[in-house]
Amino acid sequence: MSTQPPSDALVLFGATGDLSKKKLMPALYSLERHGRLTVPVIGVARSTWTDKDFRAHAQESILAAEPDADHAVIESLCKRLDLVQGDYADTATWDTLKKKLDHHRAEQAVFYMAIPPDIFPEVVESLASVGLNQRGRIVVEKPFGRDLNSARELNATLHKVFPEDKIFRIDHYLGKESVEDLLVFRFSNTLLEPIWNRNYVRSVQITMSETIGVEGRGSFYDGVGAIRDVVQNHLLQVIALCAMEPPVGPESSFLQDEKAKVFAAMRSIDPSYLVRGQYVGYRDEPGADKDSTTETFASAKLEIDSWRWAGVPWYFRAGKALTAAATEVVVEFREPPSLLFDEGGGPPAGRNLVRFRLGKRDGVTFTLQAKTPGPHLDSQNVDVAVDFAAALGERQEAYERLLDDALAGLPRRFAREDIVEQTWRIVQPALDHPGPVHPYFRGSWGPAEADRILAGDTWLAIST
Ligand code: BG6
C-alpha cells in the first residue's frame with residue numbers, strides 16, 4: 001500500500017529540543033529494538049553540541065522514558081546518529097546537510113520538523129535552496145498554523161517547494177492504536193453500524209481531560225490555548241472517526257475523503273455554545289502572562305448536518321488540571337419505547353452507552369441493562385468491558401508508529417491539507433469570539449458554566 005518509496009535517511013530538525021527528547025528518541029529506540037530502523041539519523045540543531053553530545057542526549061532521553069532500555073540497542077541506535085550543528089540562516093549549515101546526505105547517497109530522506117512553527121518557512125526555503133526538497137518528504141509537527149488564514153499561508157509556503165503528497169502533517173492522535181480502533185470497531189462489527197445514526201443515538205460526549213497543568217510549557221501554551229492545542233486537531237480527528245461514513249477501502253485517499261466529507265457537514269462552532277475556562281494559578285505558571293485570558297479548558301456543542309447525524313448534539317470538553325486523566329467518547333443511545341421492567345420502583349433504567357476509552361487504559365465498555373436479582377422484573381446497568389492491553393497485548397506508541405509510517409512513505413495516518421483547513425474553519429468562530437474565560441479550581445471538572453451547553457443534559461461520568 002506504500003504510495004511512496006521507503007526513505008533512506010531521517011533528518012531531524014530540532015534534534016536537541018523537547019519533542020525529540022520526550023517522544024522522538026524513545027520512538028527511534030523502539031524502532032531500532034524491533035529492527036525497523038535501517039537508515040542514518042541526522043540531527044540538525046542550533047546548539048553548539050558535538051556528535052558525542054547528541055548521542056549522550058539520545059541515551060539520556062531514552063533512559064528517562066524507559067529506564068530498563070537495552071543498552072546494546074541504544075548503542076546501535078547511537079551509531080546511526082550524526083549532528084549538523086549550525087544556524088538555520090547560515091548557508092553553510094545547508095551545504096553541510098547536503099554533503100551528509102550525499103555521503104549516505106540518500107535520495108528519499110524524511111525531513112522531520114520538530115521546530116517552532118515560525119521557523120518552518122525559513123527551513124523549507126533553505127532546504128529548497130540546496131535542492132533537498134527534491135530528495136525527500138517533509139513531516140510537519142502541529143500546531144499547523146494559528147487559524148484558518150495562517151494554515152492556508154503555511155500550506156502555500158510548503159507547496160512552493162513540496163507537493164502535497166510529500167507533506168506529512170502530524171497529529172499524534174492519529175498514531176494511537178485506540179484512536180484508529182474507532183474506525184475498525186465501527187466498520188468491522190455488524191452489531192454497531194445499523195444503530196450508529198440519528199435514529200438511535202441521542203448524543204455523543206467527548207472528554208479529553210488531563211490532570212497535569214501546562215508543566216513548564218507556559219510560554220508556548222499562553223499563545224495557544226486549549227482550542228488550538230487539542231480541539232482543532234486531536235479532538236476533531238477523533239470526532240471524524242466516530243462520525244464519518246465507511247471509506248471505500250483502507251487506502252489513505254479513501255479515508256481522507258470520508259473525513260473531509262464529515263468535516264464539510266460539520267457546522268462551525270457557535271460561540272454561544274462555547275465555554276472557556278482557566279485553572280486558578282495558571283497565570284503564575286512560568287511563561288504565562290499575569291493577565292492571561294488563554295483558556296486551559298474549552299467546551300462546546302458541535303452539530304453535523306448530514307443524513308446520519310442531523311439533530312444529534314456532539315458535546316466536548318477538553319482541559320488541563322482537571323480531576324481525572326481520561327480521553328473518552330461516550331455514545332448515548334435513546335431509551336426503548338417504554339420501560340417495562342420497573343416493578344420494584346428502583347432508580348430509573350439508564351440509557352445504553354458505548355464508551356471508547358482512548359487514554360492510558362484503553363478499551364471499550366458497553367453499558368447495558370440486565371435484570372436486577374430478586375422477585376421483581378426490574379433492570380439495572382451492567383458494564384461489558386474489554387481492556388485492550390489485556391486482550392490484545394503490547395502495542396506500539398503513537399510516535400513510533402508515525403515515524404515508521406513516515407519512513408515507509410505511508411500517508412494514511414497524517415492529515416491532508418483540506419482537512420486541516422476544514423478543522424480551522426470549524427474552530428474559527430471560537431477564536432474570533434472567545435467570550436470570557438471562567439476560572440476553575442485544579443482538580444475540578446472545569447467551570448460550572450460548561451453544564452450550560454448541555455441544555456438540560458448532564459455530563460456522563462467518566463470511567464476512571
Ligand atoms: C499535545 C498537546 O498535542 O497533546 C498537549 O500539545 C497535550 O498539551 C497532549 O497534553 C495530550 O496528548 P496525550 O497523548 O497525552 O493524550
Side-chain angles (χ1 to χ4, degrees), residues 14 17-24 26-27 30 64-65 112-117 139-146 151 168-182 206-239 241 276-279 282 285-288 292 294-299 316-329 356-363 388-389 395-403 413-415 420 423-424 427 442 446 462-464:
D18 203 46
L19 183 77
S20 164
K21 181 174 171 187
K22 292 200 179 123
K23 301 287 184 190
L24 302 178
S30 200
Y112 196 114
M113 304 281 158
I115 49 177
V139 176
V140 187
E141 264 295 337
K142 71 170 258 283
F144 197 85
R146 286 188 52 74
F168 285 40
R169 297 174 190 81
I170 281 220
D171 178 323
H172 81 277
Y173 266 56
L174 295 178
K176 288 185 187 243
E177 288 274 10
S178 58
V179 171
E180 202 163 52
D181 184 65
L182 291 167
I206 303 101
T207 297
M208 191 176 286
S209 67
E210 297 178 273
T211 50
I212 55 170
V214 291
E215 307 290 297
R217 292 163 77 220
S219 44
F220 157 78
Y221 196 89
D222 209 39
V224 175
I227 296 169
R228 291 186 174 95
D229 189 38
V230 296
V231 174
Q232 174 268 331
N233 34 70
H234 308 330
L235 197 130
L236 286 179
Q237 290 285 350
V238 165
I239 294 180
L241 291 170
R276 296 187 318 129
Q278 186 187 74
Y279 63 84
Y282 168 77
E285 297 276 8
S292 174
T294 297
E295 77 282 351
T296 57
F297 174 97
S299 182
F316 73 78
R317 54 183 171 169
K320 292 199 181 282
L322 299 180
T323 185
T327 306
E328 288 199 358
V329 176
F356 294 100
R357 293 177 277 114
L358 309 176
K360 283 259 178 290
R361 287 168 34 248
D362 60 342
F388 285 155
R395 284 152 308 137
Q396 291 171 297
E397 285 294 322
Y399 269 97
E400 181 184 348
R401 302 179 79 218
L402 294 174
L403 264 176
R413 299 188 181 94
F414 296 85
V420 170
T423 52
W424 280 117
V427 300
R442 271 181 171 271
I462 289 303
S463 61
T464 47

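Each ligand, and each atom within it, is numbered from 1 in the order the structure gives. Position 1 is the first residue of the sequence, and the numbers go up from there. Bear in mind that the values here come from a model prediction, so they are computed numbers and not experimental data.
- Under a 4.0 Å N-O distance rule, the pair K320/E215 does not qualify as a salt bridge.
- The protein atom (non-hydrogen) at minimum distance from atom 15 (O) of ligand 1 is K176 NZ, 4.5 Å.
- Ion pairing of R401 with E177 is present here, as a side-chain N (NZ or NE/NH1/NH2) and a carboxylate O approach within less than 4.0 Å.
- In this structure, atom 12 (O) of ligand 1 lies nearest to the protein heavy atom H172 NE2, 3.2 Å.
- A salt bridge does not link D171 with R413: none of the charged nitrogens is closer than 4.0 Å to a carboxylate oxygen.
- In terms of protein heavy-atom proximity, atom 10 (O) of ligand 1 is nearest to E210 OE2, 2.5 Å.
- Residues G14 and S20 come closest through the heavy atom pair O-CB, 3.6 Å.
- Ligand-side atoms of ligand 1 in range of K320: 5 (C), 7 (C), 8 (O), 10 (O), range being under 4.0 angstrom from any heavy atom.
- Residues I170 and Y112 are in side-chain contact: their nearest non-hydrogen atoms beyond the backbone lie under 4.5 Å apart.
- Under the side-chain contact (heavy atoms from CB on, under 4.5 Å) rule, T207 has a single partner from T327, I462, L358, L235, which is I462.
- Distances between N or O atoms of H234 and those of ligand 1 include at least one value under 3.5 Å.
- Taking 4.0 Å as the cut-off, Y173 counts as a neighbour of ligand 1 on heavy-atom distance.
- Close approach of ligand 1 to D229 is summarised as follows: ligand atoms under 4.0 Å from at least one heavy atom of the residue are 2 (C), 5 (C), 6 (O), 8 (O).
- Residue T327 has no N or O atom closer than 3.5 Å to an N or O atom of ligand 1.
- For R395 and D362, the salt-bridge test passes: some basic side-chain N is under 4.0 Å from an acidic carboxylate O.
- Judged by the shortest distance from any of its heavy atoms, M208 lies outside the 4.0 Å radius around the atoms of ligand 1.
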